[in-house]
Amino acid sequence: MTQDRLYSRQTGMTRWLVIVILILAGVIGAGGWLGWQEYQRLQADKSDVVGQMEKLKSDMAAQRSEVQGALAAFEKKQAEQATQRIKDQAILTDMKTGGQKLWLINEARALASLASQRLLLTQDAMAARRLLEAADGVLARIDDPSVLVARQALAVDMDKLSRANKVDVQGMVLQLGALRQTVAELAVPVEEAPPERDTPDVSQPWWKDVLDRMPVTVRHHDGRVPLPLSAEQASLVRLTLDGSLQQAQLALMQGRGEAYQQALTNADLTLKQWFRKDDPRASHMREVLSEMGGQQVAYVLPEIGAGLTAIEALKRKEGDA
């Protein structure tokens with residue numbers, strides 16, 4: 001009788017052991033399946049991020065080429081102006097007749113011509129006005145009533161430039177360039193690998209230790225932003241921010257006010273959604289972008305040239321004399 005009871009007890013324990021083993025096998029199998037599904041999803045997300053990065057790099061390369069082309073055209077025009085001025089100075093130096101009066105008229109003409117070109121290339125009304133003021137100062141050194149007509153024409157041009165919107169386009173482009181230099185220094189929450197444990201934690205139930213070892217990670221976050229970011233995602237975010245700042249630079253150089261404002265809005269939205277709020281550099285960049293966004297950049301340039309025309313007429317008159 002005792003042997004039957006012992007046999008029955010051993011049989012029951014064996015059954016329970018089999019049941020426990022089956023349960024553990026089911027849990028491990030389910031965990032493996034979930035881990036495989038998560039791995040497949042992460043691979044798909046990674047492929048999508050890589051594709052976005054390649055597209056963004058291609059777009060930025062095209063924008064960079066456009067900016068470089070505009071800068072090259074600007075530098076070429078400046079070089080042509082410098083060459084022309086050197087030629088004018090050489091002509092003035094080699095002149096054997098005409099005296100100081102003709103020399104001053106030619107200098108005033110060169111300054112007035114440079115003012116028109118500066119306004120056309122850089123849209124800098126204040127710089128063009130300063131050049132016209134310099135031309136007027138040169139004509140003021142000529143003791144001849146005939147120069148009053150040219151000085152009056154210069155005054156008309158200077159008045160038009162004074163009434164134009166005062167926008168320091170070059171300064172704003174340089175300021176955006178300085179912001180682009182700090183993009184790589186901004187703090188983006190980057191994903192960190194969870195610590196690995198080689199031995200089970202005896203202070204918690206066995207089933208929790210089994211779950212901790214499964215390749216499944218559950219994250220909770222507030223809002224729509226999936227933080228922390230992987231290294232690829234963080235790089236994509238920085239490229240997006242840099243691209244918006246580059247677009248704002250290009251829009252400034254082309255005088256496109258709506259495109260400039262939209263680029264600043266995109267940059268601010270990227271900073272707000274993806275960069276850490278406790279980073280003072282990100283907060284400072286948002287403040288600067290807000291200040292720059294309040295400046296009007298689209299305006300109609302005044303037409304000048306009356307002063308240059310009058311100076312050229314004065315030069316022809318003096319040459320005929």
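Keep in mind that this is a model prediction, so the values were computed, not measured.
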Checklist entry - Are D144 and K101 close enough that some pair of their side-chain heavy atoms sits under 4.5 Å apart? => result yes

Checklist entry - Can you find a heavy atom in the side chain of L102 that is under 4.5 Å from one in the side chain of K315? => result yes

Next on the checklist: Whether the D59 and Q63 side chains hold a donor-acceptor pair (N or O, under 3.5 Å, no angle test) is what I'd like checked.
Outcome noted: no

Checklist entry - Can R141 and Q100 be said to form a side-chain contact (heavy atoms from CB on, under 4.5 Å), step by step? => result CA-CA 10 Å; R141 297 165 56 186; Q100 184 181 17; 4.1 Å; yes

Quick check for you: to the nearest 0.5 Å, what is the distance between [X] atom [atom1] and [Y] atom [atom2]?
X	Y	atom1	atom2	answer
K57	L239	NZ	CG	6.5 Å
L186	R281	CG	CZ	6.5 Å
I142	I105	CD1	CD1	4.5 Å
F275	R286	CZ	CZ	11.5 Å
R316	L314	CZ	CG	10.0 Å
L131	L154	CG	CG	11.5 Å

Could you pull out the closest heavy-atom pair between [X] and [Y], with the gap in Å?
X	Y	answer
E185	D279	O-OD2, 4.4 Å
M172	M292	O-CE, 3.6 Å
A310	V149	CB-O, 4.4 Å
D157	G307	OD2-N, 2.8 Å
L139	V147	O-CG2, 4.0 Å
A248	L176	CB-CD1, 3.7 Å

Next on the checklist: Does atom CG (D278) have a neighbourhood of more than 12 heavy atoms from anything else shown, all under 6.0 Å?
Outcome noted: yes

Checklist entry - So does Q152 have more than 12 non-hydrogen atoms from other groups sitting under 6.0 Å from CD? => result no

Strictly distance-based, threshold 3.5 Å: is any side-chain N or O of [X] a donor or acceptor partner for the main-chain N or O of [Y]?
X	Y	result
S58	E54	no
K160	E303	yes
S162	M158	yes
D242	R238	no
N266	S244	no
T182	L179	yes

Checklist entry - Same hydrophobic cluster for Y260 and L71, using side-chain heavy-atom links shorter than 4.5 Å among ILVMFWY? => result yes

Checklist entry - Do L132 and L308 sit in the same hydrophobic cluster, where Ile, Leu, Val, Met, Phe, Trp and Tyr count as joined when their side-chain heavy atoms come under 4.5 Å apart? => result no

Checklist entry - For S283, what residues pass the side-chain contact (heavy atoms from CB on, under 4.5 Å) criterion, not counting sequence neighbours? => result none

Item to check | Residue list, side-chain contact (heavy atoms from CB on, under 4.5 Å) with Q81, at least two apart or on another chain | outcome: K77, L114, Q117, L121

Next on the checklist: Set out, in order, the CA-CA distance, both residues' side-chain angles and the distance that settles side-chain contact (heavy atoms from CB on, under 4.5 Å) for D268 and S290, then state yes or no.
Outcome noted: CA-CA 8 Å; D268 182 74; S290 177; 6.0 Å; no

Next on the checklist: Given W274, which partner from the list T240, V237, L269 fulfils the side chain to side chain contact (heavy atoms under 4.5 Å, CB included) test?
Outcome noted: V237

Checklist entry - Can we say R109 and E312 salt-bridge, meaning some charged N sits less than 4.0 Å from an Asp/Glu carboxylate O? => result yes

